[in-house]
2 protein chains.
Amino acid sequence: MTTQIKPNKKEVTREKNQKLILDAAEQLFSQLGYDGASMSMVAKEAQVPKANILYYFKSKDGLYESVIDRIIANWNLGLDNVTINDDPATVLYNYIKSKVILAVNQPMQSRLFASEILRGAPYLQNYFRTNTRPWVKQKVDVLQAWMDADKMDKIDPYHLLFTIWSTTQYYADFQAEVLLVMNKLEYDETDVAQITQSIAHIILKGIGLKIPEQSET
Amino acid sequence: MTTQIKPNKKEVTREKNQKLILDAAEQLFSQLGYDGASMSMVAKEAQVPKANILYYFKSKDGLYESVIDRIIANWNLGLDNVTINDDPATVLYNYIKSKVILAVNQPMQSRLFASEILRGAPYLQNYFRTNTRPWVKQKVDVLQAWMDADKMDKIDPYHLLFTIWSTTQYYADFQAEVLLVMNKLEYDETDVAQITQSIAHIILKGIGLKIPEQSET
DNA sequence: AGCTTTACTGACCAAAAGGTCAATTACTAA
DNA sequence: TTAGTAATTGACCTTTTGGTCAGTAAAGCT
């Protein structure tokens, strides 16, 4: 028999319920913001008594923090293991592409982060300091090395990163505006390619690179 | 004597008070969002009885709408009177520059719009449909004409506009993140030029243009 | 001056917010 | 089986919310 380490019904149901609650909370917080979503709404959405949520998460703040923590845990900043020897065009193209795919297909998390940052990032400050900042520092170094080796134009690498983030996340965070301006109801299958192409063209060419030959993924 | 058309004390004080209230509301809504800011906070900030706000603006919704209306009234979408005969590089460079200046110096309004769009733009839908959409259409036509005349690269003009909007607004809406990542407390005098330079370099070169010689404003 | 009308606001209200708690219902381990 | 512990939740609490309203003050008009 497979050595089960205590099936432990309690833990199982707790984790099941917590997931239910976190899913509902994630959706509501990203849709309505921290203040816009209420505990009773989350309770109703998760089909769980409100007191149960408080029992698991102590407070609304606690719930919100757990939602953010869970997102961060599954968060991939991308651009892993990039080194000076990699080809800038390929690396950046793939980064842009993956960010566009994320923005179009999973806008909720991006929007939750956006509304958090809009409010001054009270819960994300620590994350930015301990995770994003070192991550950025490292990428900036690689970008700088590429520039020093004349592989690409010399521009402020921070602003280059901000440019990539802003252009890609825009399609998640400002989806409502994009769709209204383009007179669409939702993104269609061709949009990801369209958006990736446009952004990659501008940014890559803009820093002196060529869009790499594609390349199925 | 100057022909005064009724100094009318009533109207004067009403307008003065309304301005007080709208200023306070604009600040609080942009800082805390619609749900995060309460009527009593606005009242306290504006140093006016809460009932007075309700008297002027009927409801919280009414106040919020008035705040948005006032912003829109003073809103300049920029790129006015652009024609096919203008020089794309100059026009776009100036547009980017003006948007960066706005983002760095007046981030509040940008953030209010951002949080409004994040929530699905309930109050801005109409504005987008009746104002932004036609505005965009017109600019898109000019951009397209420039492309057809081989004055710049052929890319989707909508996405080009989104790129300009996203990169510039980013410094207002995501100011907290930018500052945390760059380890700064606030933007300094050199930042506007830095940011403008970086964005303009990427975008203009990215669409086959050269940054125009500057040019004091 | 006095009368009318509009502007204002303190006191109040119902609803909803986040949160507590005592009582009940599971589980688990002996 | 059962005692002990942890999980669960309905009822309840306080505070705050957006909003009303009746009474008062202040113009405006003749």
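Throughout, protein chains are lettered first and strands after them, A, B, ... in sequence-line order, and every chain is numbered starting at 1.
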Interatomic distance where CG belongs to B/Leu54 and C1' belongs to C/dA7 [whole Å]: 15 Å
Just by modelled atom types, is the A/Gly206 backbone N or O under 3.5 Å from a matching donor or acceptor in the B/His201 side chain? yes
Nearest-Å distance for atom pair CD/P, residues B/Glu15 and C/dC8: 12 Å
Neighbours of DNA chain C within residues 57-66 of chain A, by heavy-atom distance under 4.0 Å: A/Ser59, A/Lys60
For B/Asn17 and D/dA26, give me the distance from atom CG to atom C1', rounded to whole Å. 14 Å
Going by distance alone, is a donor N or O of one side chain under 3.5 Å from an acceptor N or O of the other, for A/Tyr64 and A/Glu26? no
So, the side chain of B/Asn94 versus the backbone of B/Thr90: is there a donor-acceptor pair under 3.5 Å, distance only? yes
For each nucleotide in nucleotides 11-16 of chain D, reading 5' to 3', give B when a protein heavy atom comes within less than 4.0 Å of its base, S when such contact involves only the sugar-phosphate, and - otherwise. ------
Which nucleotide sits closest to the side chain of B/Pro49: C/dC8, C/dT9, D/dT8? C/dT9
Base-pairing string, 5' to 3', of DNA chain C - Watson-Crick or wobble, under 3.5 Å, | interstrand: ||||||||||||||||||||||||||||||
Does NZ or CZ of A/Lys60 come closer than 6.0 Å to the centre of the six-membered ring of A/Tyr34, within 45° of the ring's axis? yes
Figure out the CG/C1' separation between A/Leu32 and C/dA17, and round it to whole Å. 15 Å
Given atom CG of A/Asn52 and atom P of D/dA6, what is their separation to the nearest angstrom? 17 Å
Separation of atom CG in A/Asp35 from atom C1' in D/dG18, rounded to whole Å: 15 Å
Hey, can you tell me if B/Trp165 and A/Tyr170 have their rings parallel, tilted or perpendicular (30° and 60° cut-offs)? tilted
Do A/Ser198 and B/Asp156 have side-chain N/O donor and acceptor atoms under 3.5 Å apart? no
Whole-Å gap separating P (D/dT17) and OH (B/Tyr34): 13 Å
For A/Tyr56 and D/dA7, is the shortest distance between a side-chain N/O and OP1 or OP2 below 4.0 Å? no
Taking only the side-chain nitrogens and oxygens of A/Tyr55, find out if one of them lies under 4.0 Å from OP1 or OP2 of D/dA7. yes
Is the closest side-chain donor-acceptor distance between B/Tyr123 and B/Asp61 under 3.5 Å? yes
Is B/Ala37 touching bases, backbone alone, or none of the nucleic acid, heavy atoms closer than 4.0 Å? sugar-phosphate
Would you call the rings of B/Trp135 and B/Tyr95 parallel, tilted or perpendicular if under 30° counts as parallel and over 60° as perpendicular? tilted
Main chain of B/Leu102, side chain of B/Asn105: is a donor-acceptor contact present, judged purely on distance under 3.5 Å? no
Mind calculating the distance between CZ (A/Arg14) and P (D/dA7) to the nearest angstrom? 6 Å
NZ/NE/NH1/NH2 to OD/OE distance under 4.0 Å, A/Lys139 and A/Asp80: no
Between the side chain of B/Ser110 and the main-chain N/O of B/Pro107, is any donor-acceptor distance below 3.5 Å? no
For the side chain to side chain donor-acceptor pair (under 3.5 Å) test, which of A/Gln31, A/Gln175, A/Gln169, A/Gln106 pairs with A/Arg111? A/Gln175
